[in-house]
Structure formats: structure tokens, C-alpha cells
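Just so it is clear, the values below take in all heavy atoms, side chains as well, and ignore hydrogens, waters and symmetry mates.
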Amino acid sequence: MSANATAADAGRRTIAVMVLIPFVVALTLWAFAWPAARTAPRDLPIGVAGPATVVTALERGFARHEGAFEIHRYEDETAARAAIADRDVYGAVVVTPGGTELLTASAASPVVAGLLREAVTAQAPEGTKVSVTDVVAAPAGDPRGAVLASSLLPLALAGAAAGVVTTLLGLRGGRAVGALAGAAALAGVVGTTLAHSWLGALGGDWWAEAGVLGLTVLAIGSTFAGLAALVGKPGLGLGALLMILLGNPFSGVSSAPELLPTAAGTIGRWLPPGAAGSALRSVSSFEGAAAGGPLLVLSLWAVAGVTAIVLGSRRKQAEPVEPVTAAAPVPARAG
């Protein structure tokens, strides 16, 4: 290659870097800052219970916040508490002859619990005292949900690292799947030891929490490795885009999916980080209530990733090998 061609190629690479880095910065800022800047309730499910006339007045009050709340009626306080424990609603307003009571669940989202407290207090008649009861409180070691939210990115990074290392080491097929499964299982045990046993940020069944963490790492790691097996190293970049750049800020774990822009909240529910946050909350504080959907999402990603790894390995094995032609012997010179 001539010196001019080499210089031209270096110039193109320089321009590519200059353009690519600002684009990545803009994309990252959009993914992380846009949902945070647009945080507001969108069809947030809450319950109301009490006399029909009072409940109707409550519904009208919430309806003034157009599109913010999704109202569910319940017969009494017992039914409303059951709905909160089943994760059907984030909270409920109960009106009785003794007064108005707001039932919340800080374990589901401390941010939503605070938002409901403000909204209900603001629309209560002047001089009316609203008592607040935290039906399902957040674990003592994580009253504001900060530890749970902070643990999501390390989980995603652990899964990404497992997929990248598996790919770079050249592991294929069953060996790759075995390595990822083993790494995910150990990551689940280590993560639960830290978050549950040491920090006290999780309060449910220890092994169920370890299972959720392990399945999360497997889902993310197998996606990275599966994409790389199908399309090569660019698949690692696609995995990072899905799992880290979009999955983490769109997860809604630091607030709630219903507080994000609708598109972001919907996408986040179908990506492993968002599903992991919801499943972990369910098994940690709600005895597994409403964990089925998020666990199904994680399982689908894990199965898809493992399938891609196997298919990619078989495709490489089936690729024809170029025959090696033996060099023709050099005739000996006479004399």
C-alpha cells in the first residue's frame, strides 16, 4: 500500500472517531437524561375504597390529572390492602367514617409512595387529616430503594462481561453455554450475599433472590454471546446498546415504569434490566406476587441467547474449509 493510501485511510479513521464519539455522547445523554427529565405519572394504577359518593368524588379529583392515574375500585380496606400486596396497584385511598387513609407500598416504589402522599394530601378538603399507612414497607437496609436501583447497572455489567469474555476466549456451543450458566449462578449467589446478607437491602427468600440475579446475568450474558456468535464482534456493540444504554435508564427501577415516558417504560419492561428490577422487588418484598411476567421476560432472553450461541456454533462448524493445495515440486537442475 502506498504512502498516500495509508495517509488517506488514517484520515478517514480520524474523522470517524471525531464523528462517532459525539454521537455516542448524544445518544447516551438522550437515553439517560430524557426519561429523568420527563418523570411523571402515566396511567399509574391506584385504588379507591369507601362509600360510592365519596369514591366518585375521589375519582373526579384524580381525573383532573389527565392520563396520570388508572383508578381501581375496591369494596373495602381489606380488598385494597390485598390488591397492594398482589402488586395490582401501588397504593389506595380508603375513606371510612373515621376519616381518610392512604395506603402505600414503599417496597414497590418509594418515589410513587411519596407522589401519592402529595397528591392525596393536596386534594383533601382543607382541615382534613389524611393518615398514611405503609402496607408493604421497603427493607430496613434500603428504605429509599437506592441500593436496589444502584445494583441494576452492576448486574448488567456482570452479564455483559460474561458474554464478552466468553466470546473473546473463543468458547462455542455447549462450552459457552456452560461457562455462562456457571458464571450466572455464582454471580447470583455473590450478589445476594452482598445485597441481602450484608447490606440488608433485600428481605425475601434468599434463594429466590439469588435465582433472579443469576437469571438476569444469564439473560444478559447469553444475549451478548449469542449476538456475537451470529454477527461477529459487532454483536457485542448491539448487546451493549440494548442492555446497558437502553435497558438501564429505561428500566424504571429508580422510580417506576409508569413514571417514565410511555415508550421508555414499555421498552424497559421487555428488556432484562427492567424485568430484573420488577422480579427482584416481587420476590424480595411481595412473596413473589406479580413475578411471573418479569421472570418470563428474563427466561425468553436467556433462551434466545442460548439458541443464538448454539446456532452460531453450528454455522461455523458447517462452513467449508478451503482445501490446501500442495506446492508443486521444484524440478532439480541438471548437472
Side-chain angles (χ1 to χ4, degrees), residues 151-197 202 205-248 251 268 270-280 283 291-324:
S151 65
L152 191 62
L153 182 58
L155 269 181
L157 293 177
V164 170
V165 171
T166 298
T167 299
L168 296 181
L169 290 179
L171 299 179
R172 297 177 184 172
R175 290 183 182 274
V177 174
L180 287 169
L186 290 174
V189 170
V190 171
T192 308
T193 299
L194 294 174
H196 183 118
S197 303
L202 301 176
D205 181 80
W206 198 96
W207 287 107
E209 293 163 355
V212 171
L213 295 179
L215 182 58
T216 302
V217 173
L218 178 61
I220 296 174
S222 63
T223 299
F224 269 81
L227 289 171
L230 290 179
V231 301
K233 290 184 179 178
L236 299 177
L238 181 57
L241 174 66
L242 288 172
M243 301 299 160
I244 297 175
L245 193 58
L246 294 181
N248 193 59
S251 67
W270 285 98
L271 291 175
S278 182
L280 196 56
V283 301
L295 289 176
L296 177 61
V297 171
L298 291 173
S299 299
L300 290 175
W301 279 96
V303 170
V306 168
T307 302
I309 292 171
V310 173
L311 292 177
S313 175
R314 289 180 178 177
R315 189 181 65 180
K316 289 184 181 297
Q317 291 175 355
E319 288 178 354
V321 180
E322 292 291 334
V324 179

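Under the rule for a side-chain contact (heavy atoms from CB on, under 4.5 Å), the partners of Ala208 that lie at least two apart in sequence or sit in another chain are Asp205, Val283. Taking Val189 as the reference, Thr193, Trp206, Trp207 meet the side-chain contact (heavy atoms from CB on, under 4.5 Å) condition, with sequence neighbours excluded. Applying the side-chain contact (heavy atoms from CB on, under 4.5 Å) test to Leu296 and every residue at least two apart in sequence or in another chain returns Leu300. Residues forming a side-chain contact (heavy atoms from CB on, under 4.5 Å) with Thr216 (at least two apart in sequence, or on another chain): Leu155, Val212, Ile220, Ala276, Leu298.
Between Leu242 atom CG and Leu271 atom CG the span is 6.5 Å, to the nearest 0.5 Å. The CG atom of Leu280 sits 6.5 Å away from atom OG of Ser151, with the distance rounded to the nearest 0.5 Å. Atom CG of residue Leu152 and atom CD1 of residue Ile244 lie 10.5 Å apart, to the nearest 0.5 angstrom. Ile309 contributes atom CD1, which lies 13.0 Å from atom CZ of Arg314 (distance to the nearest 0.5 angstrom).
At least one donor-acceptor pair under 3.5 Å links the side chain of Ser251 to the backbone N or O of Asn248.
Val217 is not listed as a side-chain neighbour of Leu180, based on a closest heavy-atom distance of 4.5 Å or more.
Of all heavy-atom pairs between Trp270 and Trp301, the closest is O-NE1, 2.8 Å. What you find for Gly247 and Pro273 is that their closest heavy atoms are O-CB, 3.4 Å.
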Under 3.5 Å donor-acceptor pairs involving side-chain atoms of residues 222-235, not counting sequence neighbours:
residue, atom, partner, partner atom, Å
Ser222, OG, Leu218, O, 2.7
Ser222, OG, Ala219, O, 3.2
Thr223, OG1, Ala219, O, 2.7

Show me the donor-acceptor pairs, under 3.5 Å and distance only, between side chains in residues 163-173 and residues at least two apart or in other chains.
residue, atom, partner, partner atom, Å
Thr166, OG1, Ala162, O, 2.7
Thr167, OG1, Gly163, O, 2.9

